[in-house]
Amino acid sequence: MEDKKVHVKSGDTVKILSGKDKGKQGKVLEVSPGEGKLIVEGLNIGSKHVKPRKLGKQGGILKVERPMYSCKVQLVCPKCGKPTRIGHKILSDGQKQRQCKHKSCGEAF
C-alpha cells in the first residue's frame, strides 16, 4: 500500500469545504496518510453503538468524531486567519517550510 501525501498535519486548524459541517473550523486531531483521511475535533460526529463488555459496564450509543477525506478540508493560515492553499519554501539548509499563498499574507509557518 502506497502512502498518499496529506497537506495538513495534526494540530493544524482547518475549514470544512463540503458535507454536513461545511464552513465550520476545527483542530486536526489525527492524520492517516495511508487512507488520505483525518479526524477533526468536534466535527463530523457519528454514532457508535457499544456493547457492555464487563459486568456492571453500561452499553449504549456514543457520539464520536469520524474520519473524513483530506480533500474536503482547507488549511487556515495561523497568521492571517484565512483558509488558504499551501506553498513550500525551501530554506538554505534544505528543509521545507509551509507558506501561505494569499497575496496579502505570504507568511511562512
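Values below: all heavy atoms of this structure, side chains included; hydrogens, waters and symmetry mates excluded.
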Q | Worked check of side chain to side chain contact (heavy atoms under 4.5 Å, CB included) between C80 and S104 | A | CA-CA 8 Å; C80 63; S104 60; 5.5 Å; no

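In this view, S92 satisfies the side-chain contact (heavy atoms from CB on, under 4.5 Å) rule with no residue, not counting sequence neighbours. Every residue meeting the side-chain contact (heavy atoms from CB on, under 4.5 Å) condition with K89, not counting sequence neighbours, appears here in chain and number order: Q99.
Applying the side-chain hydrogen bond (donor to acceptor under 3.5 Å, both in side chains) test to residues at least two apart or on different chains, the pairs with a partner in residues 43-71 are S47-K63. The list of salt bridge (charged side-chain N to carboxylate O under 4.0 Å, His left out) pairs with a residue in residues 9-34, not counting sequence neighbours, reads D12-R98, D21-K24.
Considering every non-hydrogen atom in both L38 and V28, the closest pair reads CB-CG1, 4.3 Å. For the pair V14 and L75, the tightest heavy-atom approach, listed with the atom from each and the gap, is CG1-CA, 4.2 Å. Closest approach of T84 to C77, counting heavy atoms only: CG2-CB, 3.9 Å. Contact record, K79 with C105: CB-SG, 4.0 Å, taken as the closest heavy-atom pair.
No more than 12 heavy atoms of other residues, nucleotides or ligands shown are found within 6.0 angstrom of CD1 on I90.
Taking OG of S18 as the start and NZ of K72 as the end, the distance is 4.0 Å to the nearest 0.5 Å. One finds the CD atom of Q25 at 9.5 Å from the CD1 atom of I16 (value rounded to the nearest 0.5 Å).
At a threshold of 4.5 Å between side-chain heavy atoms, the hydrophobic network of Ile, Leu, Val, Met, Phe, Trp and Tyr places V31 and V73 in one connected group. I86 and V6 fall within a single hydrophobic cluster, where Ile, Leu, Val, Met, Phe, Trp and Tyr side chains are chained together by heavy-atom contacts under 4.5 Å.
The main-chain N or O of P83 is found under 3.5 Å from a side-chain atom of H102 such that the two form a donor-acceptor pair. A donor-acceptor pair is defined here as one N or O able to donate and one able to accept, closer than 3.5 Å; no such pair exists between the side chain of H7 and the backbone of R85.
Side-chain atoms of L43 and M68, non-hydrogen and from C-beta on, never get closer than 4.5 Å to each other.
Membership of the apolar cluster around I39 extends to L29, as traced through chained side-chain contacts below 4.5 Å between ILVMFWY residues.
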